[in-house]
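Read through the structure below, which is laid out as structure tokens, and then see the notes.
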Amino acid sequence: MRPGSARGLLSVCYVLAALIILDQVTDLAVTLYPFHPDQLSWRLAAYGIGMRRTTWVLVADALVIATATGLEQPRVLYALSMVHGVAAILLVVGLGLFTLDTVQFRGSVRSEALPTVYLAAGRIGLLVPALVGFSIWAMVRLRRMGGGRTRTKRRGPPGLVVSGAATGEKL
Amino acid sequence: MNARSFAPADLSPAVAPLGVGLAFLIALDQVTQLGGALNGYDPGVPGWRMRVAMEYESRVPLLLLATFLGLFSFAVMRPSHQRAVRRRVVLIPFVVLTALSVWAIAVISLDGARVQWSLSAEELPRVIRTRIRLLVGGLVGVSAVLAIGWRFLRSEGERTETETVKGLSV
């Protein structure tokens with residue numbers, strides 16, 4: 001296969017990832033309609049249902065990272081690092097609001113239903129910190145990979161950098 | 001990373017740990033969702049076992065995807081790792097997935113047959129249809145797990161042989 005056609009084929013993965021995200025977002029919107037963000041129970045349900053779609057978002061994430069790596073696109077990797085940073089902030093804020101809502105909701109639930117509430121909250125309490133940790137880690141790593149090249153290019157005459165990097169000699 | 005080039009070959013080991021992390025998160029999400037299905041824990045009740053088996057079967061493709069992503073990333077990350085460790089890492093998830101899939105098929109066959117006798121004639125076709133679908137799904141799942149696991153083990157064996165030959169020639 002010619003390198004050009006392989007690149008074209010690989011870039012289809014971006015479309016696949018976009019379709020996965022679009023499918024999940026529209027499905028979530030239809031499930032949560034009519035929107036009542038002022039209601040406690042609706043907010044809790046929205047958070048719980050949204051978190052059930054984590055796997056597909058991660059699959060799309062893996063596809064985009066792999067494609068950007070394969071297509072040698074440092075700018076995309078840099079943009080992805082920003083996306084992961086924003087995701088980490090949103091997840092932390094969301095977890096804080098979810099914790100407050102759960103504490104408030106606990107008082108209005110019958111005792112028989114409490115184990116189910118605790119189980120759902122425990123799942124989110126386990127998953128979200130792991131996702132935040134991963135997002136921060138990915139942000140740092142992707143930023144280093146995406147931004148590192150731009151910095152090195154601007155630094156000075158390439159011959160000087162290459163000679164040290166390629167031969168492994170200490171300058 | 002080399003300052004002169006931005007080749008995927010240079011980048012792959014740098015990206016591979018992210019692949020392992022993503023695979024772990026996908027598996028964690030699926031396992032915790034499965035944990036939610038265990039609510040009302042009562043393994044003595046056929047209905048509970050059937051529910052868990054059905055929940056598990058619906059998650060096999062994604063668990064398999066996570067396993068594949070994790071192992072592929074691990075292989076890229078540690079190309080010169082010791083043979084025993086690498087084989088163990090490949091074996092564990094596939095053995096667990098195979099054992100769980102066989103258990104799910106057994107539960108759906110045996111418990112499903114037991115539940116069948118207590119159903120009315122109107123309910124029977126729907127339950128039989130569901131059981132056939134689950135059994136076919138389970139068998140396809142087991143075959144996929146075994147096929148991918150076997151392929152991975154073989155590729156690990158071939159890689160180790162190549163490394164040994166290279167080492168001897170040096």
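Chain letters run A, B, ... following the sequence lines, proteins first and then strands; every chain starts at 1.
Only the side chain of Leu142(A) comes within less than 4.5 Å of a heavy atom in chain B; its backbone stays farther off. For Leu62(B), the part lying under 4.5 angstrom from a heavy atom of chain A is the side chain only. Interface residue Leu58(A): backbone and side-chain heavy atoms are both found under 4.5 Å from chain B.
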Checklist entry - Which is it for Arg43(A) and Asp38(A) under the salt bridge (charged side-chain N to carboxylate O under 4.0 Å, His left out) test, yes or no, and what are the steps along the way? => result CA-CA 8 Å; Arg43(A) 285 201 303 272; Asp38(A) 52 322; over 6 Å; no
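Salt-bridge check for Glu55(B) with Arg51(B): failed, with every basic side-chain N at 4.0 Å or more from each acidic carboxylate O. A salt bridge does not link Arg52(A) to Asp29(B): none of the charged side-chain nitrogens sits closer than 4.0 Å to a carboxylate oxygen.
Chain A forms more heavy-atom pairs under 4.5 Å with one residue of Leu65(B), Leu28(B), Leu18(B), Leu69(B) than with any other, namely Leu18(B).
The two residues Val128(A) and Tyr47(A) come nearest to each other via the heavy atoms CG2-OH, 4.2 Å.
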